[in-house]
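What follows is one structure encoded as structure tokens, with my remarks underneath.
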Amino acid sequence: MSDIIRTRFAPSPTGFMHVGNLRTALYEYLIAKSMGGTFVLRIEDTDQERKVEGAVDIIYNTLRKAGLQHDEGPDIGGEYGPYVQSERKNMYLPYAKQLIDNDKAYYCFCTKERLDMLRENSDEPGAGYDRHCRDLPKEEVERLLAEGTPYVIRQKMPLSGTTTFEDAVFGSISVENAELQDQILIKADGYPTYNFANVIDDHTMNITHVVRGCEYLSSTPKYNLLYEAFGWEIPTYIHLPLIMGKNDDGTISKLSKRHGATGFEDLVAQGYLPEAIVNYIALLGWCPKDNREIFTLQELAENFSVDGISKSPAVFDYNKLEWFNGEYIKAMTDEQLAEVAEPYFRQAIKTKPLDFVKIAAILRQRTTVLSQIPEKIAFFEEQPDYDKELFVNKKSKTNLENSAVMLKEAISALQALSEWNHDTIHDCLMELAAHLEVKNGTVMWPVRIAASGMTVTPGGAVEILDILGREESLDRLNKGLAKLS
RNA sequence: GGCCCGGUGGUCAAGCGGCUAAGACACCGCCCUUUCACGGCGGUAACACGGGUUCGAUUCCCGUCCGGGUCACCA
């Protein structure tokens, strides 16, 4: 079983799940699942200064809602635990020391202040560490260590030559070693840096495919040098194109909060369905062979392949997300929509015992975001004060006079109904139109206006009367008639 | 600024030497219709630029330009 694919999602608990991170997790999940592999969750909390309460729960919740169930992780265990980096803290130092023994790393006693000064005094924007401690005499190192001088451990980069690596998406990439800084491996607080912990953990957890955002492309040579220094097998790299956002001035930059809701939870709170979000972001940077668009998570896993991943960054398009969301809503049953949208129904319908399933039925074809719902159905709870001019409609051939006639006729016809349901109301009004020899709209328009008080409503006159019920309906129609008299 | 990566309609994108350069979203019309939607039909709109290579470049190479990423004791 040693050749099984293993991917990992390694978020740091910042208290916020950006859709970019979620997409990375999604691809990691899909790559693993499409090849029958294992998807691992690892929490990267090596930055003790940035700890956020409850942040880990947000990660669990997001993955669960998105359906990205991990096979191993802090909460469910696995044979490569622990899965939280802070709990692995003492695993890293021995590896760093091994590197020192092999002359691939060294102790550095430079203070933060000296480093800051170095940066300030340089006019080169990208100037880095001057490698001051790289060649300290052994005795000097021993002495400083014995004195308890604070230190970090730095990687000893080759001063010349080039490092080349293969990326499954971007192909072969080469970098001059002289460009590489002697990066810190172990911080003064004893914790490993992200880069170092990553390499150690990925190797010890047997991760075969390292999937991450493009922003790591330029630091990958450093990773490789580490793998080589240890004599470890280099994993397959899969770097993902970034997700961008469009700014007000038309420019484009990495998607961030100023572009709107970019957190998974924010989008859900706005009325986007997790399934729709997942479906949309799957297509941001990946395209299936057949160009299909609607996929369940299961279907994505069946169709995913790395060669469909794009190289160029993708702009997050709320329009398209909304379209996806609308498609998912349309695909639901009335009962399902009534259930998932119940909180939104309750925002608008507070006192009346209305049938949410019936309301869901008329909402389903015309809702793209759940949060639109309260506004759309508020008139059921309380009819707005409307202007009688609403009765005038050219297309339906209605005016103030004939609207009054239509309402009067409709009221008496509806009053005579023994059963009050969609079909009886429908037949009643259609027969009325035929009987009066007017087009359907001439009857329907005034009835709908009087029943709702709005020109635009979800559903037509029949549906609204049905949902409102006999008593409330006739009451509203009578009030409408009074308005016209 | 150095280094790395990218560049097909407004957006997501197919294309992998020869096509009238797909499709989707958005937008605009028309139809359907008891409003709005939904649905159906149609339309506007793209290979950044300049050199090569080739019988032939959107596709391969180089340069320019543009965009992005990265250069922390952050992850």
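Quick note on labels: first sequence line is chain A, next is B, and so on, each numbered from 1. Any value given below was found using the heavy atoms of this structure, including those in side chains, with hydrogens, waters and symmetry copies removed.
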Stretch residues 388-408 of chain A: residues that reach within less than 4.0 Å of RNA chain B through a heavy atom: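 RNA chain B contact set from residues 388-408 of chain A: A:Lys395.
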Which nucleotide in [options] has an atom nearest any side-chain atom of [X]:
{"X": "A:Lys112", "options": "B:rC73, B:rU11, B:rA13", "answer": "B:rC73"}
{"X": "A:Cys287", "options": "B:rC3, B:rG10, B:rA14", "answer": "B:rA14"}
{"X": "A:Lys311", "options": "B:rC4, B:rC12, B:rG6", "answer": "B:rG6"}
{"X": "A:Ala188", "options": "B:rC5, B:rC73, B:rG68", "answer": "B:rC73"}
{"X": "A:Arg119", "options": "B:rU34, B:rC73, B:rC12", "answer": "B:rC73"}
{"X": "A:Gln365", "options": "B:rA75, B:rA72, B:rA37", "answer": "B:rA37"}
{"X": "A:Ser218", "options": "B:rC73, B:rU34, B:rU70", "answer": "B:rU70"}
{"X": "A:Ile173", "options": "B:rU11, B:rC5, B:rG69", "answer": "B:rC5"}
{"X": "A:Met444", "options": "B:rG6, B:rA24, B:rU34", "answer": "B:rU34"}
{"X": "A:Lys320", "options": "B:rU35, B:rC25, B:rG10", "answer": "B:rC25"}

A:Leu26 and A:Ile281, any side-chain heavy atoms less than 4.5 Å apart: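 Yes; the side chains approach each other to less than 4.5 Å.
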When the distance from [atom1] of [X] to [atom2] of [N] is rounded to whole Å, what number comes out?
{"X": "A:Phe16", "N": "B:rC74", "atom1": "CZ", "atom2": "C1'", "answer": "17 Å"}
{"X": "A:Asn195", "N": "B:rA75", "atom1": "CG", "atom2": "C1'", "answer": "8 Å"}
{"X": "A:Glu179", "N": "B:rU70", "atom1": "CD", "atom2": "C1'", "answer": "11 Å"}
{"X": "A:Tyr237", "N": "B:rG69", "atom1": "OH", "atom2": "C1'", "answer": "18 Å"}
{"X": "A:Ile184", "N": "B:rC74", "atom1": "CD1", "atom2": "P", "answer": "7 Å"}
{"X": "A:Met454", "N": "B:rA37", "atom1": "CE", "atom2": "C1'", "answer": "13 Å"}
{"X": "A:Tyr194", "N": "B:rA72", "atom1": "OH", "atom2": "P", "answer": "16 Å"}

Inter-nucleotide [atom1] distance ([N], [M]), Å rounded:
{"N": "B:rG39", "M": "B:rU44", "atom1": "C1'", "result": "22 Å"}
{"N": "B:rC61", "M": "B:rG43", "atom1": "P", "result": "36 Å"}
{"N": "B:rG15", "M": "B:rG9", "atom1": "P", "result": "16 Å"}
{"N": "B:rG18", "M": "B:rC31", "atom1": "C1'", "result": "40 Å"}
{"N": "B:rU58", "M": "B:rG52", "atom1": "P", "result": "15 Å"}
{"N": "B:rC74", "M": "B:rU70", "atom1": "C1'", "result": "14 Å"}
{"N": "B:rC66", "M": "B:rG29", "atom1": "P", "result": "38 Å"}
{"N": "B:rC47", "M": "B:rG10", "atom1": "C1'", "result": "16 Å"}

Can you find a donor-acceptor N/O pair under 3.5 angstrom joining the side chain of [X] to the base of [N]?
{"X": "A:Arg448", "N": "B:rU34", "result": "no"}
{"X": "A:Tyr216", "N": "B:rA75", "result": "yes"}
{"X": "A:Arg366", "N": "B:rC36", "result": "yes"}
{"X": "A:Asn198", "N": "B:rA75", "result": "no"}

Over all strands shown, is [X] touching base, sugar-phosphate only, or nothing at heavy-atom distances under 4.0 angstrom?
{"X": "A:Ser174", "answer": "sugar-phosphate"}
{"X": "A:Met244", "answer": "sugar-phosphate"}
{"X": "A:Leu429", "answer": "nothing"}
{"X": "A:Val152", "answer": "base"}
{"X": "A:His426", "answer": "base"}
{"X": "A:Gly459", "answer": "base"}
{"X": "A:Lys246", "answer": "sugar-phosphate"}
{"X": "A:Val447", "answer": "nothing"}

Would you please confirm or rule out a distance under 4.0 Å between OP1 or OP2 of [N] and any side-chain N or O of [X]?
{"X": "A:Ser312", "N": "B:rG67", "result": "no"}
{"X": "A:Asn319", "N": "B:rA26", "result": "no"}
{"X": "A:Lys330", "N": "B:rG39", "result": "yes"}
{"X": "A:Lys187", "N": "B:rA75", "result": "yes"}

Does the separation of the ring centres of [X] and [Y] fall below 6.0 angstrom?
{"X": "A:Phe304", "Y": "A:Trp286", "answer": "yes"}
{"X": "A:Tyr280", "Y": "A:Phe316", "answer": "yes"}
{"X": "A:Tyr272", "Y": "A:Tyr318", "answer": "no"}

Over-ring placement of A:Lys257 relative to A:Phe16, 6.0 Å and 45° cut-offs: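 Flagged: A:Lys257 positioned over aromatic ring of A:Phe16.
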Cation-aromatic face contact A:Arg131/A:Tyr129, 6.0 Å, 45 degrees: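 No, A:Arg131 and A:Tyr129 do not form such a contact.
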Donor on one side chain, acceptor on other, A:Asn224 and A:Thr163, under 3.5 Å: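 Result is no, nothing qualifies.
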A:His18 and A:Ser256 side chains, donor-acceptor separation under 3.5 Å: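 Side-chain D/A pair, A:Ser256 to A:His18: absent.
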A:Asp385, CG: over 12 other non-hydrogen atoms inside 6.0 angstrom: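 It does not: A:Asp385 CG has 12 such atoms or fewer within range.
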Within 6.0 Å of NZ in A:Lys483, more than 12 heavy atoms from elsewhere: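 Atom NZ in A:Lys483 is packed in, count exceeds 12.
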Across all strands, who's sitting opposite [N] as a Watson-Crick or G-U wobble pair, both distances under 3.5 Å?
{"N": "B:rG6", "answer": "B:rC66"}
{"N": "B:rC60", "answer": "B:rG52"}
{"N": "B:rG23", "answer": "B:rC12"}

A:Asn303 (side chain) donor-acceptor with A:Glu299 (main chain) under 3.5 angstrom: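 Such a contact is found between A:Asn303 side chain and A:Glu299 backbone.
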